[in-house]
Amino acid sequence: MQLDFEKPIAELEVKLAEMKKLANESNVDVSSAVRDLEERIQSLKEETFHNLTRWQRVQLSRHPDRPYTLDYIYNITSDFVELHGDRTVKDDKAMVGGFGNIDGKTFMLIGQQKGRNTKQRQMRNFGMANPEGYRKALRLMKMAEKFNKPIITFIDTPGAFPGLEAEERGQGEAIARNLKEMATLKVPVICIIIGEGASGGALGIGVGDKVLMLENTWYSVISPESCSSILWRSWEYKEQAAEALRLTSSDMKELQIVDDVIPEPLGGAHQDSIWMSDQIKSVILKETAALEKLDTEDRIMKRIEKFSNMGVVAS
Amino acid sequence: MAWFKREERGILTPTEKKKEAPDGLWFKTPSGKIIHIRELKENAYVTPDEDFHVRIGSREYFEILFDDNEFTELNEDMVSGDPLQFKDTKTYPTRIEAGKKKSGLNDAVRTVYGKMNRLDFAVACMDFDFIGGSMGSVVGEKIAKLIDHCLETKTPLLIISKSGGARMMEAGLSLMQMAKTSAKLALLDRAGIPFISLLTDPTTGGVTASYAMLGDFNIAEPGALIGFAGPRVIRETIGKDLPKGFQSAEFVLDHGFLDFIIDRRNLKTRLTTLLKMLAAGN
């Protein structure tokens with residue numbers, strides 16, 4: 001699938017492929033034309049992806065080819081043991097987690113999981129966890145604490161599920177508890193927004209010593225569409241809403257809500273998921289090493305202080 | 001035969017010459033009875049016949065809770081900035097000004113401490129009249145600072161929630177107030193200081209998903225709407241009408257997320273009993 005702004009590039013790429021095929025078949029020397037076209041494609045890519053609007057970045061964050069939590073987990077670990085269930089109600093398939101091995105070191109890896117096709121999307125509930133998902137995540141985090149293993153969370157959700165049973169089982173309480181419990185976890189916690197970071201559903205696994213965002217992701221209190229429907233009373237103002245919400249990775253870094261932005265390959269993470277995974281892996285290893293140097297209590301107080309400093313009031 | 005004969009047809013008094021009782025003297029209860037506002041006030045703003053809990057603000061709650069209505073307010077003058085220069089159909093500063101005018105307050109929470117039945121007590125109370133009681137940086141910061149006060153002085157904390165959730169006009173910054181207040185409450189836990197969360201009508205969204213659900217005691221007023229997602233969103237998601245009483249305080253109690261429902265007229269007494277029990281030496 002292609003997004004609107006990906007189409008002109010894709011068209012040129014088709015042309016390039018045709019030209020190369022023609023050259024092969026006819027022995028005509030088209031090398032200079034090929035070079036020209038390649039340069040054109042590269043400059044069009046740079047022009048497009050260096051000038052994305054906020055709404056276009058939201059679209060990229062939801063690109064159907066984009067790597068999801070389990071893609072990254074399988075790419076960066078040599079072994080992964082997935083663990084299931086919240087021990088109370090059920091196993092929420094929108095939230096996955098387990099122990100994994102990265103370069104000989106054991107981590108607890110947790111994240112929201114989206115589906116790649118209709119059947120999977122349904123099973124994963126579009127990455128929208130129920131309360132049992134947040135409780136499963138907390139159970140795994142507490143277990144990581146018990147065994148003194150650092151925690152990595154991958155955030156990718158359009159929001160916590162707004163369903164009837166979710167309310168009955170205390171969606172608000174489940175998220176709130178995670179926020180409080182994560183603040184004082186004794187092991188290092190690194191949170192990485194890999195796609196959509198929508199509201200309390202994202203924050204529910206998002207309280208960490210380091211919070212990082214991939215370049216083409218968003219993080220805010222509400223999606224641009226819902227914001228449009230509430231404030232403009234129409235679904236038509238999503239572009240304006242995306243601008244107003246200042247929800248991109250560079251916005252969030254500027255507002256000191258996230259600690260760092262992890263660059264993506266030109267065109268987005270889905271253009272080279274192996275490269276992207278390697279970047280994530282090296283960031284995880286680097287940040288964990290730095291965090292492990294801190295004394296446990298010191299690390300917890302720094303984490304709390306970091307979130308305490310967030311917010312802007314008039315001076 | 002009638003005693004009086006109407007000579008001119010219809011009502012001819014122009015609207016501006018209509019004689020009305022001054023605003024705020026009388027209150028119409030849900031069953032249609034008209035009662036004097038003094039009677040309502042003396043009854044903790046609960047209607048005498050049907051026990052209906054009228055929506056009130058911080059001014060009224062402080063009056064109900066504090067001895068002789070005496071308390072000290074923290075960060076009274078703190079006001080919202082416009083960090084994102086947010087603009088939808090109106091600018092954020094316009095909405096702030098409207099909120100100030102409507103509520104007579106600087107933002108959607110007031111944080112105070114004083115004595116309740118001679119016990120030290122700190123209270124953060126949200127005001128729905130200020131942009132729907134929404135939580136932005138000011139709400140988060142004031143609550144965080146009140147928790148600091150409680151940590152320093154070992155004072156029990158009550159937060160009275162009444163909110164539509166996080167404030168959209170501060171986007172990511174509002175969202176982080178959930179993490180900020182929850183992290184501070186974790187410190188109260190460590191210090192063994194009691195925290196009571198009173199959920200009033202309505203408490204939804206990011207407020208429910210942070211401090212409102214984190215009390216050692218979660219209590220609520222009768223009939224209050226309490227939930228994470230709003231009823232409209234849920235109805236649209238599941239494509240069905242919601243069962244009667246869904247997301248009411250009684251429903252939330254029944255599902256195990258509240259300790260008890262409290263009639264506002266008994267609030268002060270019950271809180272005092274609870275705090276005295278916790279403070280008693282064994």
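Below, chains carry the letters A, B, ... as their sequence lines are ordered, and counting in each starts from 1. Because only heavy atoms are used, hydrogens play no part in the values below, and waters and symmetry mates are left out as well, while side chains stay in.
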Quiz item: Does a sphere of radius 6.0 Å around CD in A:Q120 hold more than 12 heavy atoms from other residues, nucleotides or ligands, not counting ones at 6.0 Å or beyond?
Solution: yes

Practice problem: Could you look at A:L247 and say if it's the side chain, the backbone, both or neither that has a heavy atom under 4.5 Å from chain B? | Solution: neither

Quiz item: Do other residues, nucleotides or ligands put more than 12 heavy atoms under 6.0 Å from the CZ atom of B:R59?
Solution: no

Quiz item: What are the two closest heavy atoms between B:F228 and A:G172, and how far apart are they?
Solution: CB-N, 3.8 Å

Practice problem: State whether the side chain of B:Q85 and the backbone N or O of A:A244 hold a donor-acceptor pair below 3.5 Å, judged by distance alone. | Solution: no

Self-check item: chain B contact via A:E173 - which portion, at a heavy-atom distance below 4.5 Å
Solution: both

Quiz item: For chain B, which of A:A183, A:P162, A:G204 has the most heavy-atom pairs under 4.5 Å?
Solution: A:P162

Quiz item: Hey, are the side chains of B:M176 and A:Y219 touching, using non-hydrogen atoms and a 4.5 Å cut-off?
Solution: yes

Practice problem: Check whether B:A179 gets within reach of chain A through its side chain, its backbone, both or neither, counting any heavy atom under 4.5 Å. | Solution: both

Quiz item: In terms of heavy-atom pairs under 4.5 Å with chain B, which of A:E181, A:R303, A:R169 leads?
Solution: A:R169

Quiz item: More than 12 heavy atoms of other residues, nucleotides or ligands under 6.0 Å from NZ of A:K142: is that the case?
Solution: yes

Quiz item: Quick one: are B:L173 and A:I257 in side-chain contact, heavy atoms under 4.5 Å?
Solution: yes

Quiz item: Out of curiosity, A:L179 CG to B:T181 OG1, how far, rounded to the nearest 0.5 Å?
Solution: 7.5 Å

Quiz prompt | Contact class of B:M168 relative to chain A, heavy atoms under 4.5 angstrom | solution = both

Quiz item: So which of A:S199, A:S228, A:C227, A:G200 has the largest heavy-atom pair count under 4.5 angstrom toward chain B?
Solution: A:S199

Practice problem: Heavy-atom distances under 4.5 Å only: say whether B:Y211 touches chain A with side chain, backbone, both or neither. | Solution: neither

Practice problem: Specify the closest pair of heavy atoms between A:V221 and B:A171, including all atoms of both residues, with the distance to one decimal. | Solution: CB-O, 3.4 Å

Quiz item: Is chain A contacted by the side chain of B:D189, its backbone, both, or neither, given a heavy-atom distance below 4.5 Å?
Solution: side chain

Quiz item: Roughly how far, to the nearest 0.5 Å, is the CZ atom of A:R177 from the OG atom of B:S182?
Solution: 10.5 Å

Quiz item: So which of B:T237, B:I238, B:T89, B:L214 has the biggest tally of heavy-atom pairs under 4.5 Å with chain A?
Solution: B:L214

Quiz item: How many angstroms lie between atom CG of B:D148 and atom OG of A:S308, to the nearest 0.5 angstrom?
Solution: 7.5 Å

Quiz item: Between B:A229, B:A209, B:G165, which residue shows the highest count of heavy-atom pairs closer than 4.5 Å to chain A?
Solution: B:A209

Quiz item: Taking B:G227, B:P83, B:G256 one by one, which has the highest count of heavy-atom pairs under 4.5 Å against chain A?
Solution: B:P83

Practice problem: To the nearest 0.5 Å, tell me how far A:L164 CG sits from B:R235 CZ. | Solution: 11.5 Å

Quiz item: What option among B:T208, B:L242, B:V207 has the most heavy-atom pairs under 4.5 Å with chain A?
Solution: B:T208

Exercise. Verify the neighbour count for atom CZ of B:R55: are there more than 12 heavy atoms of other residues, nucleotides or ligands below 6.0 Å?
Key: yes

Self-check item: Beyond-backbone contact of B:F86 with A:L231, side-chain heavy atoms, under 4.5 angstrom
Solution: yes

Exercise. Check whether A:Y237 gets within reach of chain B through its side chain, its backbone, both or neither, counting any heavy atom under 4.5 Å.
Key: neither

Practice problem: Against chain A, label B:F251 side chain, backbone, both or neither, depending on which of its atoms sit under 4.5 Å from a heavy atom there. | Solution: side chain

Quiz prompt | Contact winner vs chain A - B:M213, B:E236, B:K90, B:K180, heavy-atom pairs under 4.5 Å | solution = B:K180

Quiz item: Can you tell me if NZ on B:K145 sees more than 12 non-hydrogen neighbours from other groups inside 6.0 Å?
Solution: no

Self-check item: Under 4.5 Å from any heavy atom of chain B - which part of A:M301
Solution: side chain

Quiz item: For chain A, which of B:A166, B:S80, B:A212 has the most heavy-atom pairs under 4.5 Å?
Solution: B:S80

Quiz prompt | Partner of B:L84 by side-chain contact (heavy atoms from CB on, under 4.5 Å), out of A:L255, A:V312, A:L245 | solution = A:L255

Practice problem: Kindly indicate whether the side chain of A:S220, heavy atoms from C-beta on, has any atom under 4.5 Å from the side chain of B:L175. | Solution: no

Quiz item: Got a salt bridge between B:R190 and A:E297, using NZ or NE/NH1/NH2 to carboxylate O under 4.0 Å?
Solution: yes

Quiz prompt | Residue, of A:I222, A:T184, A:L203, A:N178, that accumulates the most heavy atom pairs under 4.5 Å with chain B | solution = A:L203

